[in-house]
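A short write-up of the structure that comes next.
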Amino acid sequence: MPGETKQAKAARLEKVVVALDRTYPEAHCELDHQSPLELLIATILSAQCTDKRVNVVTQDLFRHYHSAADYAKAPLAELEQAIKTTGFFRNKARNIKAACAAIVEKHGGQVPQTMEELIQLGGVGRKTANVVLGNAFGINVGVVVDTHVARLSFRLGLTKNSAPEKIERDLMALVPQKKWALFSHLLIWHGRRRCFARKPDCAHCEVLKLCPRIGVKEKLATNAHK
Ligand code: SF4
């Protein structure tokens with residue numbers, strides 16, 4: 001809150017995490033997957049698309065393609081058709097093929113487990129790499145910053161930045177490393193269920209007393225803060 005020290009902010013954030021963890025004890029990555037490769041593909045497909053739609057598409061996709069070599073060898077038009085309803089399908093199909101070809105050529109068909117190697121794969125950025133490392137391998141090297149994490153971090157006064165890399169840096173300085181993956185899940189779940197982009201439901205929010213509501217225009221009912 002106004003004039004808050006870094007220590008005070010970290011202490012407040014710890015309380016936010018406890019409250020959200022209590023609210024969403026089952027918080028997890030909502031993209032269906034059975035392997036690191038499936039999570040990588042699902043995450044590439046999730047750009048500008050809901051997890052729900054991605055899960056519908058991958059149900060068939062994962063039945064059809066099983067290995068990185070399968071995607072690398074697939075005719076581009078066939079792959080485009082299979083993922084069409086996730087939007088931006090031409091780019092996504094190209095990225096999937098490029099990433100899978102690199103996985104086959106440079107990593108023996110296995111998804112690599114370091115940030116440096118992952119972001120060298122075509123079409124894989126830091127966010128996708130963080131999702132795969134944190135959820136498929138349990139490795140916390142960064143914080144996933146998607147649209148929900150960015151919005152909630154701003155409203156909660158955890159960052160003043162809007163560029164994902166800068167938000168990630170701010171969050172990495174505040175959240176203990178072992179909680180980075182969990183922290184993103186909690187903010188994403190809260191963003192989907194309470195702290196909506198357009199009309200956040202602050203009156204019923206589980207962390208209302210801990211939140212400065214930065215940038216939120218909606219007025220609160222007078223007894224909501226009690
Ligand atoms: S109080 Fe409002 S702005 Fe803050 S986290 Fe809750 S819903 Fe979001």
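What you see is a predicted model, and the numbers here were worked out from it, not measured in a lab. One-based numbering, in listed order, for ligands and for the atoms of each. Values below: every heavy atom of this structure, side chains too, minus hydrogens, waters and symmetry copies.
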Let me have the donor-acceptor pairs involving side chains of residues 96-107, under 3.5 Å, with sequence neighbours excluded, atom names and distances please.
unit_1	atom_1	unit_2	atom_2	d
K97	NZ	A72	O	2.7
K97	NZ	A74	O	2.5

> Does the separation of the ring centres of H148 and W189 fall below 6.0 angstrom?
Replying inline: no
> Charged N to carboxylate O below 4.0 Å: is that the case for R126 and E165?
Replying inline: no
> Nearest heavy-atom pair of R155 and C211: which atoms, and what distance?
Replying inline: O-SG, 3.6 Å
> When you check the gap from the basic side-chain N to the acidic O, do R194 and E206 get nearer than 4.0 Å?
Replying inline: yes
> Listing by chain and number, what protein N/O/S atoms are under 2.8 Å from atom 4 (Fe) of ligand 1?
Replying inline: C211 SG
> Among side-chain atoms of E38 and Y65, is any donor-acceptor pair under 3.5 angstrom?
Replying inline: no
